[in-house]
Amino acid sequence: MSKRIFRAIWTASIVVFLAALVLIMGASYKYFTGVQQKQLKNETILAAQGVAISGMDYLDDLEGLDYRVTWINADGTVIYDNSANQDEMENHIEREEIQEAIVTGYGESMRRSGTLSDKELYSAVKLPDGSVLRLSITQMAAWSLVLGLGQPICFVILIALVLSLVLAARLTKRIVEPINNIDLDNPMADMDAEEYQEIVPLLHRIHSQKEQLIRNQKEIEKTALIRQEFSANVSHELKTPLHAISGYAELLENEMVKEGDIKPFAGKIREEANRMTKLVEDIIDLTRLDSGGIMQWEDCDLYRIAENAVDSLEAVAAAKDVEIKLCGESAPMHGVPQQLYSIIYNLCDNAIKYNHLGGSVHVEIARNAEGAILRVTDTGIGIPEESRERIFERFYRVDKSRSKEVGGTGLGLSIVKHAVLLHGGRIEVKSKMGQGTQFCVFLPKNKN
Ligand code: ADP
């Protein structure tokens, strides 16, 4: 960046300098032309007085003049010329300055001389006898003037180049210095400094981006920790049924099981295998929700989905002597049917699992202006107050042995929470120990 600033400043100063030089040269050239013309006129008037008094003698005495002096008769014939042979010179009556002098007493003109586009300035004065005295001088063309002044101009340009180089370097340093000096760890500390006023918006942006980075970093670290914990928990949860299965199998293999106990042993092996299957299914579900994989969003009716979930749990409920009922109304919404099913299924499954014998589960679907409401109310054991926040954590169980006994994985409510958030909804829980629990899920019709 400093290179670009330096180049910009330097180029700008050189362009300004050259433009100023050209303008000054132009103005001086014009000024000096005027001075030269005036001087020529004065000299001509003086010389004319001399010639009027002393005639040719005056002219003969003139020596070492820069001027060309020409004396012309009233008829235009040249009587005298100090730089050419007057006899060979043509008649001058048609010359502009001569004509003007004859008519008005004084005339002047300017003509290009043959050489190098220099100009010839003429000044002519009419003498009392009708003849005309003319003085002329060569005025150099502007560019030959520049050439003539070549050495001093080069010197000035050189000084300007060096000066602009030094100034551009210093200026660049002064511009870039505050930016280089920004304390990236604490950009707002420089806010009050006088020279930092122009970069205050930049400081604000650095500050907010830094905060964002810190937040992201914390988020990444937290996610990594959760993943790590999750993997550790998963292996632990899988190990338990695997050990049990392998233990039972070993006993059977070594024929250490009585003939009559073989059936219950096989039943235990199946139970543990089922627990593993459920665990793997839940993990797959959670991983899918976590990775934000492709979800099939479509228009659906929450009531229809609830009907399916309740249907598939009816046998489980009956086995536990729990009555499960669905009521309410159709609630159309836009969502992922598979995840909505998972929400209802897991909540009802828990309501059955953590219920009393002869208890009941009441599933209700309602709708309001925002969307659909799902209420799952049970007459079960209830959730202690201090655990209500934590039940949505992965592998959190209020009573570990009870959860295992009823085939819980500790992942059901995490899946529910994830799926609710996916739909932009929220979940609330009310519970009374020993009396029952109600989960209330609010789902918007359309996720914004
Ligand atoms: P789990 O597979 O153990 O049921 P969940 O994530 O579904 O895991 O639930 C977490 C814990 O919350 C359960 O272990 C249980 O202690 C408690 N819980 C969930 N639902 C209910 C309920 N309806 N009644 C009482 N306790 C419940």
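Counting starts at 1 for both ligands and their atoms, following the listed order.
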Quick test: of every protein heavy atom, which one is nearest to [atom], and how far off is it to 0.1 Å?
{"atom": "atom 11 (C) of ligand 1", "result": "Y396 O, 3.7 Å"}
{"atom": "atom 7 (O) of ligand 1", "result": "N350 ND2, 2.8 Å"}
{"atom": "atom 24 (N) of ligand 1", "result": "Y354 CB, 3.5 Å"}
{"atom": "atom 6 (O) of ligand 1", "result": "L413 N, 2.8 Å"}

Do you know which two heavy atoms are closest between S431 and G382, and how far apart they sit?
OG-CA, 3.3 Å

Where I365 and A306 come nearest, the two heavy atoms and their spacing
CD1-CB, 3.8 Å

Can you tell me which portion of [X] lies within the under-4.0 Å heavy-atom range of ligand 1? Options are side chain, backbone, both, or neither.
{"X": "V398", "answer": "both"}
{"X": "K353", "answer": "side chain"}
{"X": "D378", "answer": "side chain"}

Per-atom contacts of ligand 1 with [X], taking only distances under 4.0 Å to non-hydrogen atoms:
{"X": "G412", "answer": "5 (P), 6 (O), 7 (O)"}
{"X": "S403", "answer": "1 (P), 3 (O), 14 (O)"}
{"X": "I383", "answer": "21 (C), 25 (C), 26 (N), 27 (C)"}

When rounded to the nearest 0.5 angstrom, what distance separates CD in E364 from CG in L326?
9.5 Å

For the 3.5 Å polar cut-off, considering only N or O atoms, please tell me whether [X] and ligand 1 meet it.
{"X": "G410", "result": "yes"}
{"X": "G408", "result": "no"}
{"X": "S414", "result": "no"}

Answer whether the closest heavy-atom distance between the side chains of V363 and Y303 falls below 4.5 Å.
no

Is G382 near ligand 1, meaning one of its heavy atoms is under 4.0 Å from it?
yes

Can R134 and E97 be counted as an ion pair, charged N to O under 4.0 angstrom?
yes

Below 4.0 angstrom, N of the basic side chain to O of the carboxylate: do K325 and E323 qualify?
no

Can you tell which of K210, R215, Q209 makes a side chain to side chain donor-acceptor pair (under 3.5 Å) with Q212?
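The single option meeting the side chain to side chain donor-acceptor pair (under 3.5 Å) with Q212 is R215.
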
Test side chain to side chain donor-acceptor pair (under 3.5 Å) applied to N355 and N350, D378, D321, T379, the passing residue
T379

To atom 2 (O) of ligand 1, the nearest of T409, T437, N346 on a heavy-atom basis is T409

Less than 3.5 Å apart, any donor N or O on the side chain of D299 or H334 sitting next to an acceptor on the other?
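D299 vs H334: donor-acceptor pair found between side chains.
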
